[in-house]
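Read the structure below first, then the notes.
Only heavy atoms go into these numbers, but all of them, side chains included; no hydrogens, no water, no symmetry mates. Numbers here are sequence positions counted from 1. Whatever order the structure lists ligands and atoms in, that order sets their numbers, starting from 1.
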Amino acid sequence: MAIVGATGLVGTTMLQVLQQRKLPVDNLLLFATERSAGKLLKYNNTEIAVQALNANSFDDGINIALFSAGAATSKEFAPIAAKKGCVVVDNSSAWRMDTTVPLVVPEVNPNDVQNHSGIIANPNCSTIQAVVVLNPLHKVYNIKRVVYTTFQAVSGAGNGGLNDLQQTSQKNPPQHFPHAIANNCIPQIDSFDESGYTFEELKMINETRKILHEPQLKITATTVRVPITFGHSVSVNLTFENPFEVAEVRSILQDAPGVIVQDDPANNIYPMPITAAGTDSVYVGRIRRDFSEENSLNLWIVADNIRKGAATNAVQIAELIQN
Ligand code: NAP
């Protein structure tokens, strides 16, 4: 097995998740840029030296490579790895909407992994946590429309994002985000397209449709960067085809794989980034009827963006491949 981008925020978390989930790994190779070559990273009581990624990196019969080194690296190196018989699980946006590449959340569409031709894509972090909750409700009530509003942690932008929160709080200019993020909310994640949507918003729309196999589903999204280190929050408004009871919704979600319901407003209990951070579950609360529209519901969904939103989901896909 290999991790490409092993020194990054997602890559180092992949190392931890691989150990915690005890995935059988015979030989682990770690790749990053030339800058990181020789750096030692801990894996199960051993230290592994990071190697600079190049076109020959996959020559030695690697079965699975977890990529988290950005879209440009994935575009260039994932096909090289796949050609050499390696199955790539890619965290970047490079392959997600490619019709030949499955986009997989194991709790939602595990069977899609079967249809790969060497590359499987891991969805966008906010999309992963949303569809884990939407899917069990869609099966029962048939979702007609989705409105997403996100509150996304700075770690979603990697080490650069975390540095910006620390730096700008010390009054230095931001290096990564277009504005200071400390004491601020930035309603821009990624760049804008000509319609006025950001690419992050379009990712949530398109990826939700692909994972749920609902290419026509009505979805809109606003994605916002907030000064939180770890844990994305998503406010979701859903309109269903079928009528529902809130108690039944709660019960469906309590039984849903990967979901923990935290919904006791009388005792101030609801999901929050500080309680989700460092865990692998998707938390849902503030479950309530939207009285302004027939068959409509409001939800608040929180998960650790680096774990379930990236590293853990990728390792779960690797587990599906190995089984
Ligand atoms: P990061 O902390 O900035 O780390 C980037 C990693 O990629 C580093 O290991 C870096 O190596 C490596 N890298 C960059 N260019 C490379 C190249 N040309 N060849 C080999 N390695 C290269 O970023 P991150 O947060 O871990 O994110 C990595 C990827 O995961 C991105 O595609 C991102 O979109 C995706 N992702 C992130 C999140 C999240 O919440 N952060 C969620 C889902 C998906 P050096 O250390 O040597 O520079």
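Two residues are said to be in side-chain contact when any heavy atoms from C-beta on lie closer than 4.5 Å; Thr149 and Val234 fail this criterion. Looking at Gln129 and Val133, their side chains never come closer than 4.5 Å, going by heavy atoms from C-beta outward. Using a 4.5 Å heavy-atom cutoff, the side chains of Gln51 and Leu30 are not in contact. With a 4.5 Å cut-off on side-chain heavy atoms, Asn163 and His176 do not count as touching.
Taking distance alone, with nitrogen or oxygen atoms compared against 3.5 Å, Leu9 approaches ligand 1 more closely than that limit. Of the polar atoms of Thr7, at least one N or O is found under 3.5 Å from an N or O of ligand 1, judged by distance alone. Geometrically, ligand 1 and Ser36 share a nitrogen or oxygen pair separated by less than 3.5 Å. Polar contact check, Ile306 against ligand 1: no nitrogen or oxygen pair lies under 3.5 Å apart. Looking at ligand 1, you won't find any N or O of Leu53 less than 3.5 Å from one of its N or O atoms. At least one N or O atom of Gly5, backbone or side chain, sits closer than 3.5 Å to an N or O atom of ligand 1.
Residue-environment remark: CZ (Arg286) stays at or below the threshold of 12 foreign heavy atoms within 6.0 Å. For Asn183, the CG atom counts as loosely surrounded, since its 6.0 Å shell holds 12 or fewer non-hydrogen atoms of other residues, nucleotides or ligands. For Glu47, the CD atom sits in a packed shell: over 12 heavy atoms of surrounding residues, nucleotides or ligands are nearer than 6.0 Å. Annotation: Lys42, atom NZ; neighbour count of heavy atoms from other residues, nucleotides and ligands within 6.0 Å does not exceed 12.
Given atom 24 (P) of ligand 1, the protein heavy atom at minimum distance is Val10 CG2, 3.8 Å. When hydrogens are left out, the protein atom nearest atom 23 (O) of ligand 1 is Gly158 CA, 3.8 Å; that is the closest non-hydrogen contact. Atom 3 (O) of ligand 1 has as its closest protein heavy atom Asn159 N, 4.0 Å. The nearest protein atom to atom 22 (C) of ligand 1, hydrogens excluded, is given as Thr33 CG2, 3.4 Å; this is a heavy-atom distance. Of all protein heavy atoms, the one closest to atom 14 (C) of ligand 1 is Ala69 O, 3.7 Å. Nearest to atom 4 (O) of ligand 1 among the protein's heavy atoms is Gly8 CA, 3.2 Å. In terms of protein heavy-atom proximity, atom 48 (O) of ligand 1 is nearest to Arg35 NH2, 2.6 Å.
Each of the atoms 42 (C), 43 (C) of ligand 1 lies under 4.0 Å from some heavy atom of Gly309. For ligand 1, the atoms sitting less than 4.0 Å from at least one non-hydrogen atom of Ser155 are 39 (C), 40 (O), 41 (N), numbered in the order shown with element in parentheses. Listed by number with element, the atoms of ligand 1 under 4.0 angstrom from any heavy atom of Asn305 are 40 (O). Of all atoms in ligand 1, numbered sequentially from 1 with element shown, those under 4.0 Å from a heavy atom of Gly70 are 29 (C), 31 (C), 32 (O). Of all atoms in ligand 1, listed by their number and element, those nearer than 4.0 Å to a heavy atom of Ser92 are 32 (O). Close contacts between ligand 1 and Thr73 involve ligand atoms 15 (N), 16 (C), 17 (C), 18 (N), 19 (N) [criterion: under 4.0 Å to a heavy atom].
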Stepwise, does the salt bridge (Lys or Arg N to Asp or Glu O under 4.0 Å) test hold for Glu107 with Lys308?
-> CA-CA 11 Å; Glu107 292 84 348; Lys308 183 55 189 164; 2.9 Å; yes
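Between atom 42 (C) of ligand 1 and the options Ser68, Ala32, Ala310, the minimum heavy-atom separation is to Ala310. Closest heavy-atom approach to atom 44 (C) of ligand 1 among the candidates Asp90, Asn91, Val50: Asn91.
Between Asp190 and Lys203, at least one side-chain nitrogen of the basic residue sits less than 4.0 Å from a carboxylate oxygen of the acidic one, meeting the salt-bridge criterion. In this structure, Lys144 does not pair ionically with Glu241, as no charged nitrogen and carboxylate oxygen lie closer than 4.0 Å.
For Phe151 and Trp300, the distance between ring centers is under 6.0 angstrom.
Taking the six-membered ring where tryptophan is involved, the planes of Phe240 and Tyr141 are tilted, since the angle between them lies from 30° to 60°.
Using a non-hydrogen distance threshold of 4.0 Å, Gly160 does not register as a contact of ligand 1.
At a heavy-atom distance under 4.0 Å, no atom of Ser93 approaches ligand 1.
Applying the side chain to side chain donor-acceptor pair (under 3.5 Å) test between Tyr148 and each of Thr208, Asn237, Thr222 identifies Thr208 as the sole match.
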